[in-house]
Amino acid sequence: MAYNEFLGDRIRQILRDKSVDFFEKKMFGGLCFMVDDKMCLGIVKDEVMARIGPEKYEESLLKEGCSEMNFTGRPMKGYVFLTDEAIDLDKDLSYWIQLALDFNPLAKASKKRTTKKQK
């Protein structure tokens, strides 16, 4: 198991309860939840990744169980990792999911890769 499937079920259920149109994509050895074709939430091993944006980033890092997302050796501002301390209760997980959903309309979609035609 590359990621926590129970956590995936919890996120799925909250997104459905909020009537969010989403799809799932396997990325980074984990699972990503895409909203409006943009990365919104994800699961890497036993942690949730939330794209909450730069406005809420600094204050969120002060909350228990929240840390900067760091894949490449430098933090990705606007993205956080959440451990069990931050998302143990469904109301807590729902809070973080809502932060990510609130930022989603402002987030830029990644550029689609075009494949070059071979001669």
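It should be emphasised that the depicted structure is a prediction, and the values quoted were computed from it without experimental measurement.
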Under 4.5 Å between side-chain heavy atoms, counting indirect links through other Ile/Leu/Val/Met/Phe/Trp/Tyr residues: same cluster for [X] and [Y] or not?
X	Y	value
L106	M76	no
L99	I87	yes
L61	F103	no

For a quick test of reading the model, state the closest non-hydrogen atom pair linking [X] to [Y] and the distance between them.
X	Y	answer
E68	F81	O-CD1, 3.9 Å
R51	K108	NH2-O, 3.1 Å
A109	D37	CB-O, 4.2 Å
Y57	G78	CD1-N, 3.1 Å
C66	W96	SG-CH2, 3.9 Å
A100	I52	N-CG2, 4.2 Å

Please check this pair: side chain of [X] against backbone of [Y], looking for a donor-acceptor N/O pair closer than 3.5 Å.
X	Y	value
S60	K56	yes
N70	R74	yes
R12	F33	no
K38	N104	yes

[atom1] of [X]: more than 12 outside heavy atoms within 6.0 angstrom?
X	atom1	result
Q98	CD	yes
E59	CD	yes
D9	CG	yes

Does the side chain of [Y] come within less than 4.5 Å of [X]'s, by heavy atoms?
X	Y	value
Y3	K45	no
M39	Y79	yes
D21	V35	no
S94	K18	yes
D46	L7	no
V80	L82	yes

Output the distance between atom [atom1] ([X]) and atom [atom2] ([Y]), rounded to the nearest 0.5 Å.
X	Y	atom1	atom2	answer
L89	D84	CG	CG	11.0 Å
L31	I43	CG	CD1	5.5 Å
Q13	L93	CD	CG	11.5 Å
M69	M49	CE	CE	5.5 Å
I11	F22	CD1	CZ	9.5 Å
E24	L15	CD	CG	9.0 Å

- Qualifying residue for side-chain contact (heavy atoms from CB on, under 4.5 Å) with V20, from I14, L101, D36: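 Answer after filtering I14, L101, D36: L101.
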- Query: Are any of the side-chain nitrogens in E58 or K77 under 4.0 Å away from the carboxylate oxygens of its partner?
  - Reply: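 Salt bridge: yes.
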